[in-house]
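As the structure is a computational prediction, the values presented were derived from the model and not from experiment.
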Amino acid sequence: MTASSEGTDKSVRQLASEILLKVDTRRAYADLLLDHAFKSTALGERDRALLTEITYGTLRWRGTIDAHLNRQLRRPLADADPFLKNLLRITLYQLLFLDRVPPYAAVNEAVELAKARSGVREGRFVNGVLRNFLRSNGGAVESQLADGSISAMAIKDSHPEWLVRRWVEQFGRKNAAALMRANNEKPPLALRVNLRRTSRKAVLDQLRENGISAEPTPRSPQGIIINSGGVLERIVGFREGLFQVQSEASQLIVYLLAPRPGERILDACAAPGGKTTHIAELMEDSGELVATDKSAKGIDKIRENLTRLGLTSVCTLRTDVSHELSVSYHNPYDRILVDAPCSGFGTLRSHPEIKWQRDESDIRRLSRLQATILSRVTPLVKPGGVLVYSTCTLIREENEQVVQNFLLTHQQFELQNAASYLPPTAKSMVHENHFLALPHRDNTDGFFAARMRKVA
């Protein structure tokens, strides 16, 4: 390693520690912090890739890393200085999962960063912790993993114990372990082709002509998986509105809604607009599509995507649909999509910080909010109309239980079999009439959806 590259790597590790510090203390999202770092610093492609790898890798494997660190500390890791704690985490991530930097170099870099940030004493502390880890070679933690307990699964697959317990109960031990392993993988980048402007074949050909490895999604008829490429905004066709970034499972939700040209449709909780724009495309950009969100930034993002994709049939309104809706909403709708706020445990590949930021109290709070939103929009569905409820989580309390409770208290609605409305290639992604996408089975984000019809 040259002196210049060593200096660059140190700055990358400092940035990673600062990003993880903000994730911890501000409950911030790593992707937004990385985007800010890329825009505010002069990092080359190599260093961007390293920063991304260290940041996401440390978040994915934080449970395993923390188990090792707690074995080396005299006081709980939670009591350590927040910056130093995350500096130790990124260094252990390198030692455990990467082989690019020799262990002595990784330790020395961490010590120098600790000294520069907090002084000589803290540098000695970091040095002692890391040297002890290298001497132990992780053996103490490895011995914990042999009993197959919930605690052992949590350490091995780097998820919080309470979540492991829930998923073992919900999916069984084998599937829960496979799900957690999948959550620790890098997610595929999926696009949804804008069929109002082009075709999937044309976009695939254009991507390949520009040196980008891409292939059709196996289940969504409009999707493309990008296997290689650069910054999204620079991918040919993005600015021209030929596609929308959207996970494959998310693309399938709108097929359950089955929008038709000329209808009146409400997309509640619509930001950032992936499903909104898909609905408008399948409506042939005709009829009336109302997209609401409580966030002003969310509404701006929806409008930005509509403009880029060339869609004009959508009315965007800033509204919190968990509150009493104004009279302007009271003309009935043919179809309503409630893509509800949720815990997000289906998106851990893209947002691994979620598993360390949320707990069971969030699930209870969110399930109450989801029920409230459904009750608010129920009167707006026409007789014979369709209501689709979806989330990007894999928690029964936010999914099946919300739908079950809704149907018990709103007997004018009936649950319909999701398989009847999905593309032929996706009909197998159904459990008990609900749509269910699983990362370990389908290589998608985790998604749940239920299609209900108002029969009276």
Side-chain angles (χ1 to χ4, degrees), residues 166-167 169-171 249-250 252-260 263-270 275 279 290 292 319-325 329-346 360 362-422 426-438 445-456:
R166 274 179 174 266
W167 277 347
E169 181 180 338
Q170 185 171 337
F171 298 111
S250 178
L252 294 168
I253 299 300
V254 174
Y255 290 102
L256 294 177
L257 191 68
R260 299 172 183 168
E263 291 185 326
R264 178 173 160 83
I265 297 178
L266 173 64
D267 182 5
C269 317
K275 297 180 187 68
I279 294 169
V290 178
T292 72
T319 301
D320 187 343
V321 291
S322 68
H323 296 162
E324 192 72 38
L325 296 174
Y329 288 91
H330 287 186
N331 292 330
Y333 293 85
D334 298 288
R335 303 170 199 272
I336 296 180
L337 171 62
V338 174
D339 187 36
C342 68
S343 57
F345 283 109
E360 293 187 283
D362 291 305
I363 291 173
R364 292 189 290 270
R365 172 180 58 82
L366 286 161
S367 64
R368 291 192 296 269
L369 175 62
Q370 292 150 0
T372 298
I373 292 172
L374 280 176
S375 69
R376 294 294 188 203
V377 304
T378 295
L380 308 181
V381 183
K382 284 181 179 179
V386 172
L387 173 62
V388 171
Y389 172 77
S390 69
T391 72
C392 58
T393 195
L394 296 172
I395 301 295
R396 185 179 295 276
E397 192 174 333
E398 297 180 71
N399 293 341
E400 292 90 344
Q401 286 184 17
V402 168
V403 172
Q404 182 181 9
N405 292 339
F406 174 80
L407 292 171
L408 285 173
T409 55
H410 298 81
Q411 296 188 7
Q412 69 272 41
F413 283 85
E414 66 177 9
L415 180 67
Q416 297 188 295
N417 188 348
S420 300
Y421 301 92
L422 290 167
K427 289 185 183 297
S428 63
M429 300 170 71
V430 174
H431 179 69
E432 296 178 349
N433 290 332
H434 305 122
F435 172 75
L436 184 64
L438 297 171
D445 284 343
F447 259 84
F448 170 90
R451 177 185 159 108
M452 296 168 281
R453 180 174 171 266
K454 191 173 187 178
V455 295

[atom2] on [Y] to [atom1] on [X], rounded to 0.5 Å:
X: L256; Y: L387; atom1: CG; atom2: CG; answer: 12.0 Å
X: I336; Y: D267; atom1: CD1; atom2: CG; answer: 10.5 Å
X: I279; Y: R260; atom1: CD1; atom2: CZ; answer: 14.5 Å
X: I373; Y: D339; atom1: CD1; atom2: CG; answer: 10.0 Å
X: T292; Y: D320; atom1: OG1; atom2: CG; answer: 9.0 Å

T372 and V321: CA distance, side-chain angles, deciding distance, side chain to side chain contact (heavy atoms under 4.5 Å, CB included) verdict: CA-CA 9 Å; T372 298; V321 291; over 6 Å; no
Pairing residues for N417 by the side chain to side chain contact (heavy atoms under 4.5 Å, CB included) criterion, not counting sequence neighbours: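 Partners of N417 under the side chain to side chain contact (heavy atoms under 4.5 Å, CB included) test: A419, S420, V430, N433.
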Qualifying residues under side chain to side chain contact (heavy atoms under 4.5 Å, CB included), relative to C342, sequence neighbours excluded: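 With neighbours one apart ignored, the set is Q370, T391, C392, T393, E398.
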CA sep, side-chain torsions, deciding dist, call: D362, S343, side chain to side chain contact (heavy atoms under 4.5 Å, CB included): CA-CA 7 Å; D362 291 305; S343 57; 5.7 Å; no
Does [X] reach the side chain of [Y], with side-chain heavy atoms less than 4.5 Å apart?
X: N331; Y: R264; value: yes
X: S250; Y: D445; value: no
X: R451; Y: L415; value: no
X: M452; Y: V381; value: no
X: L369; Y: P341; value: yes
X: L337; Y: S390; value: yes

Side chain [X], main chain [Y], donor-acceptor under 3.5 Å:
X: W167; Y: I395; result: no
X: K275; Y: V254; result: no
X: K454; Y: G385; result: no
X: R376; Y: S322; result: yes

Where is the tightest heavy-atom contact between [X] and [Y], given as atom of each residue plus distance?
X: S375; Y: P379; result: O-CD, 3.5 Å
X: P259; Y: I265; result: CB-CD1, 3.5 Å
X: L266; Y: Y333; result: N-CD2, 3.5 Å

Intermediate values then yes/no, salt bridge (charged side-chain N to carboxylate O under 4.0 Å, His left out), R364 and E397: CA-CA 8 Å; R364 292 189 290 270; E397 192 174 333; 6.0 Å; no
Residue pair R396, Q401: steps toward the side-chain hydrogen bond (donor to acceptor under 3.5 Å, both in side chains) verdict: CA-CA 6 Å; R396 185 179 295 276; Q401 286 184 17; over 6 Å; no
Qualifying side chain to side chain donor-acceptor pair (under 3.5 Å) pairs, either residue in residues 404-415, two or more places apart: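 Every pair satisfying side chain to side chain donor-acceptor pair (under 3.5 Å) with a residue in residues 404-415: there are none.
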Pi-cation contact, F413 with R453 (under 6.0 Å, within 45°):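 No; the conditions do not both hold, so R453 does not lie above the ring face of F413.
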Salt bridge present between D334 and K382 (N-O < 4.0 angstrom):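 Yes, charged N to carboxylate O under 4.0 Å.
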E360 and R166 ion-paired at < 4.0 Å: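 Looking at E360 and R166, the cut-off is met.
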Option passing ring-ring contact (aromatic ring centres under 6.0 Å, His included) with H434 (candidates F448, Y389, Y421, F447):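 Result: among F448, Y389, Y421, F447, F448 is the only option passing the ring-ring contact (aromatic ring centres under 6.0 Å, His included) with H434.
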